[in-house]
Amino acid sequence: MITPSGVWLSANMIQHDILIIGAGLAGMRAAFEGITAGLDTAVVSKIHPLRSHSCAAQGGVNAAINPKDDWHDHAYDTVKGADYIGDQDSIDMMCSEAPQAVLDLDAMGCPFSREDNGTISQRAFGGQNFPRTAYAADRTGHAMLHTLWEQAIKLGTKVYDEYFLLKITTDNGRASGAIVMDIKTGQLHQIKAKAVCIATGGYGRLFASNTNAMTCTGDGVAHAMRAGAAAADLEFVQFHPTGLRNSGILISEGVRGEGAYLIGKDGERFMHKYAPNKLELASRDVVSRSMTTEILNGNGVNGGVFLDVRHLGRELILERLPQIRQLSIDFEGVDPIDQPIPVRPTCHYTMGGIRTNKFGHSEQLQGLFAAGEAACVSVHGANRLGANSLLETIVFGKITGKDMVDFVKNREGREWPSVDSADVQEVSGLIAKLKARPSAGGVKQATIRHELTNAMQEYCGVFRDPEGLNKAMAAVQNAKADMENVFVDDKSDAFNTDVITAIELSNLVLLAEATVMAAITRTESRGAHSRSDYPNRDDANWITHITSTVKDGQIVLGRDNVRTLDNPKYAPAERKY
Ligand SMILES: Cc1cc2nc3c(=O)[nH]c(=O)nc-3n(C[C@H](O)[C@H](O)[C@H](O)COP(=O)(O)OP(=O)(O)OC[C@H]3O[C@@H](n4cnc5c(N)ncnc54)[C@H](O)[C@@H]3O)c2cc1C
């Protein structure tokens, strides 16, 4: 089936029924629904789809596909992992739909690792009571994204590849499309759409040490806030226990799932002190705090501890963990077959994102949808379980895609919104101003990024306290002021990455401010948000989401209810591993 590839309304204005920004797993899965429902669906991506960060996912995807497992147990593990602040309607939906979502991909040809009897292999992951993580060696995201990309090609999906989102446009409280830049020419286009989906991924680049691709700058979340949507849960940022010590590159939790353990400077394990039952496979927030405590207490070496896989043996390492072995050799100079790998907690995932209902639709901005890491449908609450994010992309990519189809075919989305060419003028004026700014008296974007991301790392990381958070806020205010004077060296139109990274930085600055404001406001410790001045969880006051919106250019915080279900098993309880 070949779908229509948009209708040109003028030289730089085009329309599609459904416009999806982001070609990672969430965007591609949503596009599949639009196209197979016969709607004119387009995907915009600032990089080639196969370069999306989804492709870097290593460890796997959770689903209760083993007959001995039960999706209710998966849901319980997720509610607990989220420290009781995930939305339980979304969590139930994700876990009950998970087996089918994984089998859909299997049927499309995704090369999952298999047992001798032909069933999909599953490994143990943190914070879960059953080995329910399906995987394709240690390259699961790669296998899944290539599978969806094959489908996109087969279906003739229209992809604007190397187009950069600059603004989400609105028409009377409804999303009406987007302004995008064709990166290879610098030309701006206005795309009008009946439904717009943001699937632009997370913003882990806000922290100096992180596992994320350069592209993970939260563009879609920042633009959605500016357009009138709310973001939520921004204070919850996940630090993965095992980033390589020097580069931050990820060493998957799947390695601990295979039996690797953490050791301090003298080769002794330490996790029994912090999580006597689950040890290295406690949830990520718990393991990251334990490692940071050991490092601060002098049990580390050069700011890290070690991940030991030697006892797993050469054969298993070569078969199931080939990529992490190569990464350790290339980036740390250590072959894990013979030596422990130096690791430290590293920013990995942003639980917060565009606030949506359980179908991925924003409640503030009609016609705006979000899926994947950019969304806060809130299945992860205060702490995401490993391998639940790939799952979120394929389950909510599918559900959100279906809801967009319904919105366009049967609901308010039947009518076309209006667009205004003044939006193009506004964006083009901002870019012209940036290019015109002289370097004399200006500030280099690298300086702003360096100072901001280091302050976020130091003062808004694994442990937070009021003094540090105030320092983080001061750094954010400096960055905001400096952005008024940021200049670019490259004044050309074609492939101007100088302009693009400056705009990405402005998105990070907005998200930094909202993150620090929310972290200051939440006076308790829950999941990944750990305040030394409020060390306990405070269920009486804080079973709520903090929302962030932009009003008159200022960030305004609010609250939104956690959606709970009448299930005694999901009632808040002390969280022990
Ligand atoms: C190293 C690593 C390993 C991981 N391993 C696992 C794992 O094993 N299991 C698991 O469950 N999760 C894992 N995760 C998390 C998971 O991979 C991600 O959360 C998930 O893949 C995000 O998918 P996405 O579709 O939401 O966004 P992404 O895959 O990040 O895609 C974002 C898309 O948006 C586009 N985009 C962004 N900004 C713009 C813009 N301004 N204009 C146009 N396009 C734009 C990009 O081009 C890209 O196509 C891992 C993450 C990392 C970083």
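When a ligand or atom number is given, it counts from 1 through the structure's own listing order.
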(request) Mark yes when over 12 heavy atoms from residues, nucleotides or ligands other than M214 sit less than 6.0 Å from its CE; otherwise mark no. (result) no
(message) For F236 together with H380, are the ring centres under 6.0 Å from each other?
(response) no
(request) Could you tell me whether the side chains of E392 and N388 share a donor-acceptor contact shorter than 3.5 Å? (result) no
(request) Would you please write out the protein residues whose heavy atoms approach any atom of ligand 1 to under 4.0 angstrom, listed by chain and number? (result) I21, G22, A23, G24, L25, A26, V44, S45, K46, I47, S52, H53, S54, A56, A57, Q58, G59, G60, Y163, F164, L165, A199, T200, G201, T211, N212, D219, L250, H348, Y349, G372, E373, R384, A387, N388, S389, L390, T393
(message) Taking E33 first and then K398, would you say they form a salt bridge - that is, a charged N and a carboxylate O separated by under 4.0 Å?
(response) no
(message) Quick check with a 6.0 Å cut-off and a 45 degree axis cone: is K80 positioned over the face of Y76's six-membered ring?
(response) no
(message) Looking at R449, I want to see if its CZ is surrounded by more than 12 non-hydrogen atoms of other residues, nucleotides or ligands under 6.0 Å.
(response) yes
